[in-house]
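Data first, discussion second: the structure below is written as structure tokens.
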Amino acid sequence: MLIQAQRLPTEARQAEIVAAALRLAQLSSPESITTTDLAGALGLSQGALFKHFPNKEAVWLAAMTWTTENLLRSLIQAAEQGASPLESLRCVFFAHIDFVVAHPGVPRVILHELQKPVDSPLKQQVRALMTGYRQLLLRLLEACVQSGDSPQKLDTSAAATLLMGVVQGLVMQSMLSGQISSMRTQAAPVFSLYLHGINKSS
């Protein structure tokens with residue numbers, strides 16, 4: 001039996017629906033999650049759900065917009081905590097790991113969307129996230145070179161690609177094992193290897 005959900009303002013309800021969608025994506029493919037599933041997770045009717053989002057695609061787009069805003073914000077804040085460019089890079093890396101552990105449904109949504117051949121508003125939002133992330137890494141890596149922590153010959157573009165790939169690899173392994181929190185224990189030695197590769201003394 002459907003339990004009547006408390007009536008919330010539109011913004012609050014939309015945020016609640018987005019959060020529910022990401023929670024459901026932890027265990028199920030976004031493709032298989034229906035509007036009935038979303039409504040049921042919140043004790044809403046489908047009619048009530050459609051008052052806030054016209055269709056399921058709009059929910060996933062809102063979820064990815066939320067991800068872009070919140071992940072980039074957390075990464076920028078992490079970068080500001082570092083006492084040096086290298087330390088800022090470390091803070092950004094572990095902030096990304098912490099975000100994925102806290103929101104394991106996010107990589108499932110991203111991976112599912114990237115498999116589709118058609119360019120969509122959702123894929124464009126994923127691209128915006130990756131672009132913003134890459135630009136942050138490039139700024140930090142260029143600062144590493146300028147500070148003398150990394151060699152002048154460092155290919156900062158390749159180094160940014162590699163670090164993003166490192167995180168994606170950790171995500172994939174943790175998803176395969178079903179233990180997303182294992183990323184935290186694996187992250188430290190992996191980042192140490194990465195750091196060795198961009199360090200001036202290496």
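Just so you know, these numbers use all the heavy atoms, side chains as well, and skip hydrogens, waters and symmetry mates. The chain is numbered in sequence order, starting from 1.
Considering all non-hydrogen atoms of both residues, I33 and A21 come closest at CD1-O, 4.4 Å. Closest approach of L24 to A41, counting heavy atoms only: CD1-CB, 4.3 Å. The shortest non-hydrogen separation linking L141 to A160 is CD1-N, 3.4 Å. Heavy atoms only, all atoms of each residue included: V109 and A25 are closest at CG2-CB, 4.0 Å. When every heavy atom of V18 is checked against every heavy atom of A63, the shortest pair comes out as CG1-CA, 3.6 Å. Pairing each heavy atom of S120 with each of E113, the nearest pair is OG-OE2, 2.7 Å.
Between the D37 side chain and the T34 main chain, a donor and an acceptor come within less than 3.5 Å of each other. Of the possible donor and acceptor atoms, none in the side chain of Y194 sits under 3.5 Å from a partner among the backbone N and O of L162. With Q14 contributing its side chain and F53 its backbone, the two residues share no donor-acceptor pair below 3.5 Å. The closest donor-acceptor contact from the side chain of Q115 to the backbone of L111 lies under 3.5 Å. Between the side chain of T185 and the main chain of S182, a donor-acceptor pair closer than 3.5 Å is present. One N or O on the side chain of S150 and one on the backbone of I198 form a donor-acceptor pair closer than 3.5 Å. A donor-acceptor pair is defined here as one N or O able to donate and one able to accept, closer than 3.5 Å; no such pair exists between the side chain of K56 and the backbone of L38.
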Original post:
Passes side-chain contact (heavy atoms from CB on, under 4.5 Å), Q26 versus L22? Steps please.
Top reply: CA-CA 7 Å; Q26 293 179 28; L22 292 176; over 6 Å; no
**OP:** Give the intermediate values and the outcome of side-chain contact (heavy atoms from CB on, under 4.5 Å) for residues H103 and T67.
**Re:** CA-CA 9 Å; H103 307 285; T67 297; over 6 Å; no
**OP:** Step by step, work out the side-chain contact (heavy atoms from CB on, under 4.5 Å) result for E57 and L61.
**Re:** CA-CA 6 Å; E57 288 69 27; L61 179 58; over 6 Å; no
Subject >> Check against side-chain hydrogen bond (donor to acceptor under 3.5 Å, both in side chains), S88 and E80 >> reply: CA-CA 7 Å; S88 291; E80 293 170 349; over 6 Å; no
**OP:** Verify side-chain contact (heavy atoms from CB on, under 4.5 Å) between L136 and V92, making sure each step is shown before the conclusion.
**Re:** CA-CA 9 Å; L136 173 61; V92 166; 4.2 Å; yes
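The side-chain heavy atoms of V106 and V100, taken from C-beta on, include no pair separated by under 4.5 Å. The shortest side-chain heavy-atom distance between L75 and F99 does not fall under the 4.5 Å cut-off. Looking only at side-chain heavy atoms (C-beta outward), K123 and V118 stay at 4.5 Å or farther from each other. Contact annotation: the side chain of C144 never approaches that of L154 to less than 4.5 Å [non-hydrogen atoms, C-beta and beyond]. With contacts defined as side-chain heavy-atom distances shorter than 4.5 Å, the pair L140/L86 does not qualify. The shortest distance between side-chain heavy atoms of V126 and L114 falls below 4.5 Å. Side-chain atoms of S29 and H112, non-hydrogen and from C-beta on, do get closer than 4.5 Å to each other. Side-chain atoms of Y133 and V167, non-hydrogen and from C-beta on, do get closer than 4.5 Å to each other.
Under the 4.5 Å side-chain contact rule for hydrophobic residues, L27 and V101 do not share a cluster. L170 and M172 fall within the same hydrophobic cluster, where Ile, Leu, Val, Met, Phe, Trp and Tyr residues are linked whenever their side-chain heavy atoms come under 4.5 Å apart, directly or through other members. I97 and M130 fall within the same hydrophobic cluster, where Ile, Leu, Val, Met, Phe, Trp and Tyr residues are linked whenever their side-chain heavy atoms come under 4.5 Å apart, directly or through other members.
Using modelled atom types, one finds a donor on one side chain and an acceptor on the other under 3.5 Å when comparing T36 with Q46. S157 and D155 form no side-chain donor-acceptor contact under 3.5 Å, judged by distance and modelled atom types alone. Side-chain atoms of S174 and Q179 form no donor-acceptor pair, as typed in the model, at a separation below 3.5 Å.
Residue D98 holds its CG atom at 10.5 Å from CZ of F93, rounded to the nearest 0.5 Å. Note that the OG1 atom of T161 and the CG atom of L137 stand 9.0 Å from one another [nearest 0.5 Å]. Here R13 contributes atom CZ and E16 contributes atom CD; the two are 4.5 Å apart, rounded to the nearest 0.5 Å. L44 CG to K51 NZ: the interatomic distance, rounded to the nearest 0.5 Å, is 10.0 Å. Rounded to the nearest 0.5 angstrom, T131 OG1 and R127 CZ are separated by 7.5 Å. Here CD1 of I76 is found 12.5 Å from CD of Q81. Values are rounded to the nearest 0.5 Å.
Classification of R139 and E142 as a salt-bridged pair fails, no side-chain N sitting under 4.0 Å from a carboxylate O.
Residue K116 qualifies as enclosed at atom NZ: its count of foreign heavy atoms under 6.0 Å is above 12.
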